[in-house]
Amino acid sequence: MARAEIAARTLRTDRWWLPPLTTFVGLLLISIYAAFRTFQGDYYWVDQYHYLTPMYSPCLTEECVPAASHFGQWFPALPGFLTPPLLIIPFLLGFRITCYYYRKAYYRAAWASPPACAVAEPHSKYTGETRFPLIAQNLHRYFFYAASLLLLVNIYDAVSAFSTGVGLGNIVLLVNVGLLGAYTLSCHSCRHIAGGRLKHFSKHPVRYWMWTQISKLNNRHMQLAWASLIFVCLTDLYVALVASGTISDLRFIN
Ligand code: FES
């Protein structure tokens, strides 16, 4: 349907630009932090308490601290400025970038396509996600599988760190996997895997129950997307601060 003949870009008089601007600044700051930590290549493992930051897990190359490589060192050391997280980041980034919520967020915030409801976009043509490169958004389900595997690795890291006692870092790692787990379970693909393509829910009570529970989480997908993203950075920051000796871990049980 053609747009109504309105000369103004929008008739909205509220601060419609604030949510996309906030999203843009938030995503930019998190990207800068993640890039810095990725290329820093240090302070990702606390040997004393077995804390491994989720950003470096699994640590699969020969330059990793051996004790931090819970699943072995499958690859030789990467050349030059390349660091171990670069092997896993494509999967995590792919999962977030193709996420239904983040698509909405960055289509609005970065591409102004459209920037908000009832605000015209600057682009003259709209082709949706039907052509390259945006057709690749359909790979989301496969990134979901990869991210789920990485989540299991993070859970293993968090649980195995309890072998040294209990400190604030253990709680931080645990909350982190809780939020990541809730975000992953609330994924639209996960919901579809649980309850999609069924003609009769009544004949599949277990899948119906799972679909119902996932749907409840799915209602909070945006909040979980932000909470898990911010908390991954905070978890990494905590591990980096303890690993570098800037702060001491608060210990409850040694
Ligand atoms: Fe957001 Fe799948 S839709 S993670």
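Counting starts at 1 for both ligands and their atoms, following the listed order. Below, each value reflects all heavy atoms present in this structure, side chains not excepted, and no hydrogens, waters or symmetry copies.
- Counting only distances under 2.8 Å, and ignoring water, the protein N, O or S atoms around atom 1 (Fe) of ligand 1 are C99 SG, H221 NE2.
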Exercise answer: donor-acceptor pairs, residues 192-203 side-chain atoms, under 3.5 Å, sequence neighbours excluded:
none

Donor-acceptor contacts under 3.5 Å from residues 110-121 side chains, at least two apart:
unit_1	atom_1	unit_2	atom_2	d
S113	OG	E121	OE1	3.0
E121	OE1	H123	ND1	3.0

Could you check C59 against C64 for disulfide (SG to SG under 2.5 Å), going step by step and ending with a plain yes or no?
-> CA-CA 6 Å; C59 210; C64 297; 2.2 Å; yes
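- Both tests do not hold together for R141 against F144: distance to the six-membered ring centre under 6.0 Å, angle to the ring axis within 45°.
- Taking the ring centre of Y183 as origin, the terminal cationic atom of R96 falls inside the region bounded by 6.0 Å and 45° from the ring axis.
- Within the structure, salt bridge (charged side-chain N to carboxylate O under 4.0 Å, His left out) pairs that include any residue of residues 214-239 comprise R37-D236 (at least two apart or interchain).
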